[in-house]
*Asks:* 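This is the structure I want to talk about, given as structure tokens.
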Amino acid sequence: LLSGIEKARLWAYFHKDWLLQMRSLLRLQLPEEYRLFVESEAILISPDATASVLPDASTARPEKATASTSKVSVSRATAAVIEVEEPRETVNRYRLLIRRAPENLVVAALEILSPSNKGLGSSIDQEKHLRKRSALLDAGVNVLEIDALLEGNRILPASLSSLAEFDRNAWTAFHSDGQRKLRGWGWNEPDPLPIISWKVDDELEVLVDLPLALEQAREFNRWDSLVPSS
């Protein structure tokens, strides 16, 4: 299912469904003082600023003389006009935040990576994602990141770089006594998705059941009818 959704370019729609099912499963495991919120952000995807400003093929033409300029000497050069249409796309990105009451403190954050997070189409969103991730980690937030996409860059912490050998991966970071501990999972295309043990607070650990959440998301919007299995 995941490969079909990725190939059909429907990930922007599907990953919200998947995340919401994870939220429902986590809600059953969390005490009442914890709140779960899905944070959304609209991202404008456009070509990198470092890319060439010229298209592969373009047409140049001299500007037509107007009434005010028709008497100017013909020896004066006229400017060439190049018209280029720059593709842009707006996508929504979602992150699950777990807050602890009554201080309303963010203790954990879960994100399913999108193609733009991984540098597909533009490196700008990838850089933004990495800055946000670093800010969460530096603030002591317990992070869970899931990369279920086959395409794009692997943007893993250096200590978990060996996970890049797998088709898909997930990793968590947990903060305790001023130290950060990381744990990672890697799996390939034929392998079943893992059930992830995620420590969201000092004495609180939950299970993120990726296969069950995937099955519930599949049923909720009948994804099999949109992406027939091969």
Side-chain angles (χ1 to χ4, degrees), residues 1-23 25-26 38-39 41 43 91 93-98 108-123 125-138 141-176 179-200 205-218 223 227:
L1 178 65
L2 294 177
S3 296
I5 289 170
E6 184 176 357
K7 290 177 182 177
R9 304 297 186 219
L10 293 172
W11 194 262
Y13 303 98
F14 171 78
H15 88 289
K16 181 182 180 182
D17 280 0
W18 198 14
L19 186 63
L20 289 175
Q21 296 301 331
M22 292 182 197
R23 183 181 69 168
L25 294 174
L26 290 172
V38 173
E39 177 186 81
E41 181 180 14
I43 304 295
V91 297
R93 189 173 69 191
Y94 303 94
R95 178 186 290 112
L96 176 67
L97 298 179
I98 301 178
L110 186 162
E111 184 156 3
I112 303 171
L113 294 188
S114 66
S116 63
N117 289 151
K118 299 183 67 177
L120 293 173
S122 171
S123 64
D125 185 41
Q126 178 179 316
E127 294 166 359
K128 185 176 182 180
H129 166 73
L130 291 174
R131 287 195 300 269
K132 180 68 174 180
R133 186 174 81 179
S134 295
L136 289 170
L137 292 171
D138 291 344
V141 175
N142 301 318
V143 169
L144 168 56
E145 189 168 282
I146 300 166
D147 181 1
L149 293 165
L150 299 177
E151 295 183 305
N153 301 322
R154 299 285 183 256
I155 48 176
L156 294 157
S159 57
L160 296 176
S161 60
S162 60
L163 289 178
E165 300 173 5
F166 296 91
D167 293 338
R168 298 182 171 94
N169 65 74
W171 62 273
T172 67
F174 171 68
H175 299 79
S176 178
Q179 292 185 328
R180 181 187 300 162
K181 298 180 181 180
L182 293 94
R183 180 186 299 171
W185 295 258
W187 65 99
N188 291 315
E189 179 63 24
D191 302 332
L193 276 68
I195 297 175
I196 294 172
S197 176
W198 184 25
K199 203 162 187 179
V200 298
E205 193 163 337
V206 297
L207 294 178
V208 182
D209 194 328
L210 296 186
L212 178 56
L214 179 66
E215 185 61 29
Q216 291 177 342
R218 180 203 299 259
W223 280 97
V227 187

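As the structure is a prediction and not an experimental result, all values here were calculated from the model.
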*Asks:* Go through the structure and list residues passing side chain to side chain donor-acceptor pair (under 3.5 Å) with E6, not counting sequence neighbours.
*Replies:*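 Not a single residue meets the side chain to side chain donor-acceptor pair (under 3.5 Å) criterion with E6.
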*Asks:* According to salt bridge (Lys or Arg N to Asp or Glu O under 4.0 Å), who are the partners of R131, at least two apart in sequence or on a separate chain?
*Replies:*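 In terms of salt bridge (Lys or Arg N to Asp or Glu O under 4.0 Å), with neighbours along the sequence ignored, R131 is linked to no residue.
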*Asks:* Just to verify, what does F174 make a ring pair (Phe, Tyr, Trp, His ring centres under 6.0 Å) with, not counting sequence neighbours?
*Replies:*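 Here no residue qualifies.
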*Asks:* Applying side chain to side chain contact (heavy atoms under 4.5 Å, CB included) to W18 and I5, what does each step give before you reach the verdict?
*Replies:* CA-CA 12 Å; W18 198 14; I5 289 170; over 6 Å; no
*Asks:* Would you please name every residue forming a side chain to side chain donor-acceptor pair (under 3.5 Å) with S3, sequence neighbours left out?
*Replies:*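 Here the qualifying residues are R168, E189.
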*Asks:* Just verifying a value: how many Å separate W198 CH2 and M22 CE, rounded to the nearest 0.5 Å?
*Replies:*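 Rounded to the nearest 0.5 Å, the CH2-CE separation comes to 10.0 Å.
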*Asks:* Which heavy-atom pair separates L137 from A173 by the least distance, and what is that distance?
*Replies:*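 Minimum heavy-atom separation between L137 and A173: CD2-CB, 3.6 Å.
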*Asks:* Without swapping roles, check the side chain of N142 against the backbone of A108 for a donor-acceptor pair under 3.5 Å.
*Replies:*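 Between the backbone of A108 and the side chain of N142 there is no qualifying donor-acceptor contact (under 3.5 Å).
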*Asks:* With a 4.0 Å cut-off on N to O distance, would you call R9 and E151 a salt bridge?
*Replies:*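 A salt bridge is present here (some side-chain N lies under 4.0 Å from a carboxylate O).
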*Asks:* For R180, check side chain to side chain donor-acceptor pair (under 3.5 Å) against everything at least two apart and list the hits.
*Replies:*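 For R180, the residues satisfying side chain to side chain donor-acceptor pair (under 3.5 Å) (neighbours in sequence not counted) are H175.
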*Asks:* Mind listing the closest non-hydrogen atom pair of W187 and A170 along with its distance?
*Replies:*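 Here W187 and A170 meet closest at CZ3-N, 3.7 Å.
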*Asks:* When rounded to the nearest 0.5 angstrom, what distance separates NZ in K199 from NZ in K181?
*Replies:*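 One finds 7.0 Å between NZ of K199 and NZ of K181.
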*Asks:* Determine, stepwise, if the pair L130 / R133 fulfils side chain to side chain contact (heavy atoms under 4.5 Å, CB included).
*Replies:* CA-CA 5 Å; L130 291 174; R133 186 174 81 179; 3.5 Å; yes
*Asks:* Give the ring-plane orientation class for H15 versus W11, where under 30° counts as parallel, over 60° as perpendicular and anything between as tilted.
*Replies:*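 If you compare the ring of H15 with that of W11, the planes turn out parallel.
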*Asks:* Taking side chain to side chain contact (heavy atoms under 4.5 Å, CB included) as the test, write out the residues that go with F166, two or more places apart.
*Replies:*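 Expected list: L163, N188.
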*Asks:* Got a sec, which residues hit salt bridge (Lys or Arg N to Asp or Glu O under 4.0 Å) with E215, two or more places apart in sequence or on another chain?
*Replies:*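 Counting only residues at least two positions away or on another chain, E215 forms a salt bridge (Lys or Arg N to Asp or Glu O under 4.0 Å) with R218.
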*Asks:* Give the C-alpha distance, both sets of side-chain angles, the deciding distance and a yes or no for side chain to side chain contact (heavy atoms under 4.5 Å, CB included) between V227 and F14.
*Replies:* CA-CA 11 Å; V227 187; F14 171 78; over 6 Å; no
*Asks:* Partners of R154 by salt bridge (Lys or Arg N to Asp or Glu O under 4.0 Å), sequence neighbours excluded?
*Replies:*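 Only D147 meet the salt bridge (Lys or Arg N to Asp or Glu O under 4.0 Å) criterion with R154.
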*Asks:* Looking at residues at least two apart in the chain, or sitting in another chain, which of them share a salt bridge (Lys or Arg N to Asp or Glu O under 4.0 Å) with E111?
*Replies:*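 Result, salt bridge (Lys or Arg N to Asp or Glu O under 4.0 Å) vs E111: R93, R95.
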*Asks:* With a sphere of 6.0 Å drawn around OH of Y13, does it hold more than 12 non-hydrogen atoms of other residues, nucleotides or ligands?
*Replies:*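 No, OH of Y13 has 12 or fewer neighbouring heavy atoms, counting only those of other groups under 6.0 Å.
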*Asks:* For residues L149 and S114, report the shortest heavy-atom separation together with the two atoms involved.
*Replies:*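 In this case the closest contact between L149 and S114 is CD1-C, 3.5 Å.
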*Asks:* What's the spacing between L207 CG and I195 CD1 if we round to 0.5 Å?
*Replies:*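 With rounding to 0.5 Å, CG (L207) is 7.0 Å from CD1 (I195).
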*Asks:* Calculate, to the nearest 0.5 Å, the distance between atoms CD and OG belonging to E205 and S197 respectively.
*Replies:*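 These two atoms lie 3.0 Å from each other.
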*Asks:* Any chance you could measure L144, atom CG, to L96, atom CG, to the nearest 0.5 Å?
*Replies:*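 Atom-to-atom, L144:CG and L96:CG are 9.0 Å apart.
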*Asks:* The criterion is side chain to side chain donor-acceptor pair (under 3.5 Å); which residues satisfy it with D167, sequence neighbours excluded?
*Replies:*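 Listed in chain order: nothing, the list is empty.
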*Asks:* Side chains of D125 and N117: closer than 4.5 Å at any heavy-atom pair?
*Replies:*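 Yes, their side chains come closer than 4.5 Å.
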*Asks:* Identify the heavy atoms of P194 and L210 that sit nearest to each other, and give their distance.
*Replies:*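 Of all heavy-atom pairs spanning P194 and L210, the closest is O-CB, 3.3 Å.
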*Asks:* Can you tell me how far CG of N169 sits from OG of S161, rounded to the nearest 0.5 angstrom?
*Replies:*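 Rounded to the nearest 0.5 Å, the OG-CG separation comes out at 11.0 Å.
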*Asks:* What are the two closest heavy atoms between I196 and W185, and how far apart are they?
*Replies:*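 The answer is CG2-CH2, 3.4 Å.
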*Asks:* For Q21, give me all partners under side chain to side chain contact (heavy atoms under 4.5 Å, CB included), at least two apart in sequence or on another chain.
*Replies:*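 Counting only residues at least two positions away or on another chain, Q21 forms a side chain to side chain contact (heavy atoms under 4.5 Å, CB included) with A213, Q216, A217, F220.
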*Asks:* Please identify which of these residues, I146, N153, I155, meets the side-chain contact (heavy atoms from CB on, under 4.5 Å) condition with L113.
*Replies:*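 Only match with L113 under side-chain contact (heavy atoms from CB on, under 4.5 Å): I155.
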*Asks:* If you look at every heavy atom in P157 and W171, which pair is closest and at what distance?
*Replies:*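 In terms of heavy atoms, the two residues are closest at CD-CE2, 3.6 Å.
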